Amino acid sequence: MEFQFENALAELEKAAQISSAPNVTNEERTAAEQVILRFKKSKDGLDLCKFIIERTKSEHLRFDAAQVLRDCLVANWDRISETDIPTVLAQQLINLMFSSDISYAVGRRLASVVALIVKHRAIERHGQDRKELVHHLINVLGSTGHPFMIATTILESLIAEHQFVSASLKSDYCFSFDLHFASKKNFENDELLVIFEACLQFLNSYNGGRENEFERILRLTETILFWCFTNTNLPQRIMVVIENDVYPVFKPPMNWERVVTNSAFENIFFDLHLKVRGNEALVVRTMQFISQIFSMSGPLFPGRNARLGLLARLLPRFIGFLELPNKLNREVLGLSDVVRKVLLVHRMATLNSIDPNVLEKFFHAAGNFTCSVLQDAVIEESIKTDDRVLRESSTRLLEAWTNVLAEPEDVPNCVMPISTSVFNNYLHGRLAAPLGFRPVANLDEDSDDEEAVADDVRFRDQLQSNRRI
């Protein structure tokens, strides 16, 4: 048998070399591609795939063999011996953890195989294998370098394997919707929380450096914060629609209470943002994290009082963020989105239940922030740039203030002079000197088409908001 595998490996390696070589005839390339294609389509090559992954020096062939191995497992799961499955799992874990020359792409494919096996065995053995593997990987996160990177790769694959029930039905068709659904629910109630806690611990202790490892933890955290949690009352067709939501609201289940309702939880994300403020790419992501924290709902925040309690915890730290100096444009956009979320989601009558001192400080900070953004947006418009971040921020903020004033009977006294200042700042930004501070446009033949568009078209949303104000 090994002799046959060696011959097959030699044939595939030769085909892989010919298919990527520059100086071969079309006939030779076509023949080589046919050899590789037959291998990719095989559904009963489990042993051959294991042999290739361990022996080949070709990364392309190892990559293909990992995918074929996964397809074989899905197609033949019920026919594979119970003793063979743990062997395959152990071999792929060894290949991942102890092969320092493995490429990232191959590592992802092998991790996908590991995740598939662990998920299947979790369904059949009540999650024991999955629990043991996750706890082992969490311990590996205490190290650095290759072990850390491989551990996060496997964790990413485990999360991806459980994340979308609808996708699992297509790629892993040997289990029913109910089994995939139950597997996801069990995973998010147990192992996903363990992974999340490990990420929070890393982010809380992060003080710069370790860029690659930091990026991996950010990705894991991002996926969990935008996780679509299961709902037992939803039928399959509705579940598919909900899972396709790009930005789902963060709705952790009841057994996450110990972590999520702790005041230290949100402080981790506020502190993280302060640590990375100088990096615009990271600021975008940390502001998304904070925005998700503000949007938390679900069984842990079932009613008005629970959501108000969360908001009351978050506002004092957020007020400090609105008052920070030297904000990056993308940071401004993120802050604007949170202000808009707070003032659109919560009615004014509801906000009045918050401590009046905190609420007044928030409105003053939000008003000063809005006026600053409106002024900076005017400067942005005078510069020829494709970036219109401040204009978008202005639009979001004005929409928020419009919503506040929609219920005048519930508006606190402090809001009226602030909203007047917002309106005046916008008005002065639309007028040139001496009535305002808008730079005089210098349109010529080379001006962009957008600059020539009338203001009532370019700023339609902003003008409508100010008309209501």
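Since we're looking at a predicted model, the values are computed, not measured.
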Participant: Going through the distances and angles, do N26 and R29 end up as a side chain to side chain donor-acceptor pair (under 3.5 Å)?
Facilitator: CA-CA 5 Å; N26 289 335; R29 193 183 306 280; 5.0 Å; no
Participant: Show, in sequence, the C-alpha distance, side-chain angles and deciding distance for E392 and R388, and conclude whether the salt bridge (Lys or Arg N to Asp or Glu O under 4.0 Å) test is met.
Facilitator: CA-CA 6 Å; E392 176 62 26; R388 293 290 185 254; over 6 Å; no
Participant: Would you give the length of the straight line joining atom CG of L89 to atom CD1 of I117, rounded to the nearest 0.5 angstrom?
Facilitator: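 Separation between the atoms: 5.0 Å.
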Participant: Do other residues, nucleotides or ligands put more than 12 heavy atoms under 6.0 Å from K40 NZ?
Facilitator: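 Count not over threshold, so no.
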Participant: Of all heavy-atom pairs between V68 and C49, which one has the smallest distance, and what is that distance?
Facilitator: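 Heavy-atom minimum between the residues: CG1-SG, 3.4 Å.
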Participant: Please step through side chain to side chain donor-acceptor pair (under 3.5 Å) for the pair K341 and H346, ending with a clear verdict.
Facilitator: CA-CA 8 Å; K341 186 170 292 186; H346 303 279; over 6 Å; no
Participant: Does CZ belonging to R219 count more than 12 external heavy atoms closer than 6.0 Å?
Facilitator: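 Yes, the 6.0 Å shell around CZ holds more than 12 heavy atoms from other groups.
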Participant: Can I get a per-line list of side-chain donor-acceptor pairs under 3.5 Å for residues 136-146, giving both atom names and the distance, sequence neighbours left out?
Facilitator:
| unit_1 | atom_1 | unit_2 | atom_2 | d |
| --- | --- | --- | --- | --- |
| N139 | ND2 | H135 | O | 3.2 |
| S143 | OG | V140 | O | 2.5 |
| H146 | NE2 | L96 | O | 3.3 |

Participant: Treating N279 as the side-chain partner and L282 as the backbone partner, does any N or O pair qualify as donor plus acceptor under 3.5 Å?
Facilitator: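 Confirmed, N279 side chain pairs with L282 backbone.
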Participant: Are any of the side-chain nitrogens in E59 or R62 under 4.0 Å away from the carboxylate oxygens of its partner?
Facilitator: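 So E59 pairs with R62 through a salt bridge.
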Participant: Judged by atom type as modelled, is there a donor-acceptor pair below 3.5 Å linking the side chain of E280 to the main-chain atoms of R330?
Facilitator: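 Yes, because the side chain of E280 sits within donor-acceptor range (under 3.5 Å) of the backbone of R330.
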Participant: For residues L133 and V114, determine if any side-chain heavy atom of one lies less than 4.5 Å from a side-chain heavy atom of the other.
Facilitator: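 Yes, at least one pair of side-chain atoms sits under 4.5 Å.
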Participant: With a 6.0 Å cut-off on ring centres, are W256 and F196 close enough?
Facilitator: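 Ring centres of F196 and W256 closer than 6.0 Å.
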Participant: Kindly indicate, with the supporting measurements, whether the criterion side chain to side chain donor-acceptor pair (under 3.5 Å) is fulfilled by S58 and T56.
Facilitator: CA-CA 5 Å; S58 169; T56 186; 4.7 Å; no
Participant: If you measure from CD1 on I293 to CZ on R313, what distance do you get to the nearest 0.5 Å?
Facilitator: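 Separation between the atoms: 9.5 Å.
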Participant: Could you tell me the separation between the OG1 atom of T286 and the NZ atom of K275, rounded to the nearest 0.5 Å?
Facilitator: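 So the OG1 of T286 and the NZ of K275 are separated by 11.5 Å.
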Participant: Would you check if I290 and L335 make a side-chain contact, meaning some heavy-atom pair closer than 4.5 Å?
Facilitator: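 A side-chain contact under 4.5 Å is absent here.
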Participant: Apply the test side chain to side chain contact (heavy atoms under 4.5 Å, CB included) to residues S372 and N368: give CA-CA distance (whole Å), side-chain angles for both, the deciding distance (0.1 Å), then the verdict.
Facilitator: CA-CA 6 Å; S372 174; N368 292 334; over 6 Å; no
Participant: Between the main-chain N or O of L225 and the side-chain N or O of Q292, is there a donor-acceptor pair closer than 3.5 Å?
Facilitator: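 Here the side-chain-to-backbone pair exists.
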Participant: Which pair of non-hydrogen atoms, one from L328 and one from R277, has the smallest distance, and what is that distance?
Facilitator: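 Minimum heavy-atom contact is CD1-O, 3.1 Å.
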Participant: Does K57 come within less than 4.0 Å of E13, counting only side-chain N to carboxylate O?
Facilitator: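 Between E13 and K57 there is no salt bridge, as every charged N stays at least 4.0 Å from the carboxylate O atoms.
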Participant: Please indicate whether E197 has more than 12 foreign heavy atoms, meaning atoms of other residues, nucleotides or ligands, lying under 6.0 Å from its CD.
Facilitator: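 Yes, CD of E197 has more than 12 neighbouring heavy atoms, counting only those of other groups under 6.0 Å.
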Participant: For the side chain of N23 and the backbone of A21, is there at least one donor-acceptor N/O pair under 3.5 Å apart?
Facilitator: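 Side chain of N23 to backbone of A21: no pair is present.
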Participant: Taking CD in Q201 as the centre, count heavy atoms belonging to other residues, nucleotides or ligands within less than 6.0 Å. Is the count above 12?
Facilitator: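 Open: at most 12 neighbouring heavy atoms sit under 6.0 Å from CD of Q201.
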Participant: If you measure from OG on S393 to NZ on K327, what distance do you get to the nearest 0.5 Å?
Facilitator: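 The NZ atom of K327 is 11.0 Å from OG of S393, to the nearest 0.5 Å.
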Participant: Kindly write out the residues that satisfy ring-ring contact (aromatic ring centres under 6.0 Å, His included) with F269, not counting sequence neighbours, or none if the list is empty.
Facilitator: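 ring-ring contact (aromatic ring centres under 6.0 Å, His included) list for F269, sorted by chain: F265, F289.
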Participant: Using the side chain to side chain contact (heavy atoms under 4.5 Å, CB included) rule, take I217 and T221 through it: C-alpha gap first, then chi angles, then the decisive distance, then the call.
Facilitator: CA-CA 6 Å; I217 295 297; T221 307; 4.0 Å; yes
Participant: Would you name the heavy atoms of W401 and A366 that are closest together and state the gap between them?
Facilitator: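 Reported closest heavy-atom pair: CZ2-C, 3.9 Å.
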Participant: Without placing hydrogens or testing angles, list every side-chain donor-acceptor pair under 3.5 Å for residues 317-326, not counting sequence neighbours.
Facilitator:
| unit_1 | atom_1 | unit_2 | atom_2 | d |
| --- | --- | --- | --- | --- |
| R317 | NH1 | N267 | OD1 | 3.1 |
| R317 | NH1 | D271 | OD1 | 3.3 |
| R317 | NH2 | D271 | OD1 | 3.0 |

Participant: Report yes if some heavy atom in the side chain of R396 is under 4.5 Å from a heavy atom in the side chain of L333; otherwise report no.
Facilitator: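 In contact.
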Participant: Salt bridge between K14 and E28, side-chain N to carboxylate O under 4.0 Å?
Facilitator: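 Not counted as a salt bridge, because no side-chain N and carboxylate O are separated by less than 4.0 Å.
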Participant: Ignoring hydrogens, what is the shortest heavy-atom contact between V339 and A400? Give both atom names and the distance.
Facilitator: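 Of all heavy-atom pairs spanning V339 and A400, the closest is O-CB, 4.3 Å.
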Participant: Going through the checks in order, is the side chain to side chain contact (heavy atoms under 4.5 Å, CB included) test met by V332 and S336?
Facilitator: CA-CA 6 Å; V332 168; S336 303; 4.1 Å; yes
Participant: For the pair S112 (side chain) and R108 (backbone), establish whether a donor and an acceptor sit closer than 3.5 Å, ignoring hydrogens and angles.
Facilitator: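 No, S112 side chain to R108 backbone: no donor-acceptor pair under 3.5 Å.
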Participant: Between L218 and L272, is any pair of side-chain heavy atoms under 4.5 Å apart?
Facilitator: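 Yes, close enough: below the 4.5 Å cut-off.
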Participant: Considering only heavy atoms from C-beta outward, does the side chain of D337 approach that of M287 to under 4.5 Å?
Facilitator: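 No, too far: nothing below the 4.5 Å cut-off.
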Participant: Could I get the full list of ring-ring contact (aromatic ring centres under 6.0 Å, His included) partners for F63, not counting sequence neighbours?
Facilitator: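 So F63 forms no ring-ring contact (aromatic ring centres under 6.0 Å, His included) with any residue.
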Participant: Judged by atom type as modelled, is there a donor-acceptor pair below 3.5 Å linking the side chain of D129 to the main-chain atoms of A122?
Facilitator: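 Checking the backbone N and O of A122 against the side chain of D129, no donor-acceptor pair under 3.5 Å is found.
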Participant: Under a 3.5 Å distance rule, please check whether T152 uses its side chain to pair with a backbone N or O of M149 as donor and acceptor.
Facilitator: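 Pair found, side chain donor or acceptor close to backbone of M149.
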Participant: Keeping the roles fixed (side chain from N204, backbone from I268), state whether a donor-acceptor pair exists under 3.5 Å.
Facilitator: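 Answer holds: no.
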Participant: Do L192 and V134 make a side-chain contact, defined as non-hydrogen atoms from C-beta onward lying under 4.5 Å apart?
Facilitator: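 They are not in contact (no side-chain heavy atoms under 4.5 Å apart), so the answer is no.
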Participant: For the backbone of C72 and the side chain of N76, can you confirm whether one donor and one acceptor N or O come within less than 3.5 Å of each other?
Facilitator: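 Yes.
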Participant: Do R38 and E33 sit within salt-bridge range, that is, some charged N less than 4.0 Å from a carboxylate O?
Facilitator: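 A salt bridge is absent here (no side-chain N lies under 4.0 Å from a carboxylate O).
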Participant: Is there a donor-acceptor contact under 3.5 Å linking the side chains of T350 and R307?
Facilitator: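 No pair is found: no donor N or O on one side chain lies under 3.5 Å from an acceptor on the other.
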Participant: If you measure from the Lys or Arg side-chain nitrogens to the Asp or Glu carboxylate oxygens, is any gap between K50 and E54 under 4.0 Å?
Facilitator: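 E54 and K50: not salt-bridged.
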Participant: Walk me through it: do I224 and E188 pass the test side chain to side chain contact (heavy atoms under 4.5 Å, CB included)?
Facilitator: CA-CA 9 Å; I224 296 172; E188 66 192 21; over 6 Å; no
Participant: In Å, rounded to the nearest 0.5 Å, how long is the span from CG of L73 to CG of L116?
Facilitator: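 If I round to the nearest 0.5 Å, the distance is 6.0 Å.
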Participant: Quick check on side-chain hydrogen bond (donor to acceptor under 3.5 Å, both in side chains): which of R130, K184, E191 does H162 satisfy it with?
Facilitator: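 Going through R130, K184, E191 one by one, the side-chain hydrogen bond (donor to acceptor under 3.5 Å, both in side chains) with H162 is satisfied by R130 alone.
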Participant: I'd like to check F250 versus P252 (side-chain heavy atoms, cut-off strictly below 4.5 Å). Are they in contact?
Facilitator: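 In contact.
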Participant: Measuring only between side-chain heavy atoms, which start at C-beta, is L9 closer than 4.5 Å to L61?
Facilitator: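 Yes, close enough: below the 4.5 Å cut-off.
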Participant: Report the residues that fulfil ring-ring contact (aromatic ring centres under 6.0 Å, His included) with F214, sequence neighbours left out, ordered by chain and then residue number.
Facilitator: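 Listed in chain order: Y206.
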Participant: Give the minimum heavy-atom separation between N95 and Q92, together with the two atoms involved.
Facilitator: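 Heavy atoms of N95 and Q92 come nearest at ND2-OE1, 3.2 Å.
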Participant: Excluding sequence neighbours, so at least two apart, what forms side chain to side chain donor-acceptor pair (under 3.5 Å) with R340?
Facilitator: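 Per chain and number, R340 pairs via side chain to side chain donor-acceptor pair (under 3.5 Å) with E399.
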